[in-house]
Amino acid sequence: VQLQASGGGLVEPGGRLRLACVASGLTFNRNALTWFRQGPTKEREGVSCINDNGFNTYYADSVKGRFTISKDNAKNTVYLEMDNLQPEDSALYFCTTSLLRYCDFSGWATFPYSYRGQGTLVTVSS
């Protein structure tokens with residue numbers, strides 16, 4: 001299984017970015033995926049999770065209303081649209097899979113993953 005993330009970069013506060021994670025080596029439409037992030041001085045944080053069919057999504061309180069996760073099963077790609085970015089959003093963002101179809105309803109943000117990508121760096125600064 002490989003997960004290749006892209007789309008990170010430097011953006012000013014209030015700006016937006018769209019991250020993408022292309023998956024291979026798994027049955028994409030039968031897998032939930034989760035975005036995590038980890039800043040230089042912070043613990044790893046679950047950002048968002050999406051079920052295999054793309055209909056059920058979950059978000060960390062810190063990003064609700066600003067970030068949107070989506071899934072294109074035809075392209076084996078999961079996206080993370082990030083709006084109104086703030087300096088505290090600066091981190092390495094990486095996508096993961098636990099090879100399950102559904103996000104754990106109450107524990108998705110800490111559920112152990114089986115595979116992770118190398119990540120893409122997001123820096124929010126003026």
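Here the structure is a predicted model, which means the values were calculated and not measured. What you see below is based on every heavy atom in this structure, not just the backbone, and it leaves out hydrogens, waters and symmetry mates.
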Atom pairs and distances, donor-acceptor, side-chain atoms in residues 11-31, under 3.5 Å, two or more places apart:
| residue | atom | partner | partner atom | Å |
| --- | --- | --- | --- | --- |
| Arg16 | NE | Asp83 | OD1 | 3.1 |
| Arg18 | NE | Glu81 | OE2 | 3.0 |
| Asn31 | ND2 | Thr27 | O | 2.8 |

In Å, rounded to the nearest 0.5 Å, how long is the span from [atom1] of [X] to [atom2] of [Y]?
X	Y	atom1	atom2	value
Ser48	Tyr79	OG	OH	15.0 Å
Gln4	Gln2	CD	CD	7.5 Å
Leu80	Ser70	CG	OG	8.5 Å
Cys49	Trp35	SG	CH2	12.5 Å

Residues Asn56, Asn53; criterion side-chain contact (heavy atoms from CB on, under 4.5 Å); working and verdict: CA-CA 8 Å; Asn56 297 94; Asn53 58 17; 4.2 Å; yes

If I compare all heavy atoms of [X] with all of [Y], which pair ends up nearest, and what's the gap?
X	Y	value
Ile69	Tyr59	N-OH, 2.8 Å
Thr96	Phe36	OG1-CE1, 3.4 Å
Gly39	Ala91	N-CB, 3.7 Å
Lys75	Thr77	O-OG1, 2.8 Å

For Tyr58, the option from Ile50, Asn51, Asp104 that meets side-chain contact (heavy atoms from CB on, under 4.5 Å): Asn51

Which donor-acceptor pairs under 3.5 Å do the side chains of residues 114-126 make with protein atoms, sequence neighbours left out?
| residue | atom | partner | partner atom | Å |
| --- | --- | --- | --- | --- |
| Gln118 | NE2 | Ala5 | O | 3.3 |
| Thr120 | OG1 | Gly8 | N | 3.0 |

Electrostatic pair Asp52-Lys71, nearest N-O below 4.0 angstrom: no

Treat each ILVMFWY residue as a node, draw an edge where side-chain heavy atoms are under 4.5 Å apart, and state whether [X] and [Y] are in one component.
X	Y	result
Leu33	Val1	yes
Phe67	Trp108	no
Val78	Leu99	yes

side-chain hydrogen bond (donor to acceptor under 3.5 Å, both in side chains) against Tyr113, all qualifying residues, sequence neighbours excluded: Arg44

Glu88 atom CD: more than 12 heavy-atom contacts under 6.0 Å: yes

Test side-chain contact (heavy atoms from CB on, under 4.5 Å) applied to Thr68 and Met82, step by step: CA-CA 7 Å; Thr68 303; Met82 307 186 296; over 6 Å; no

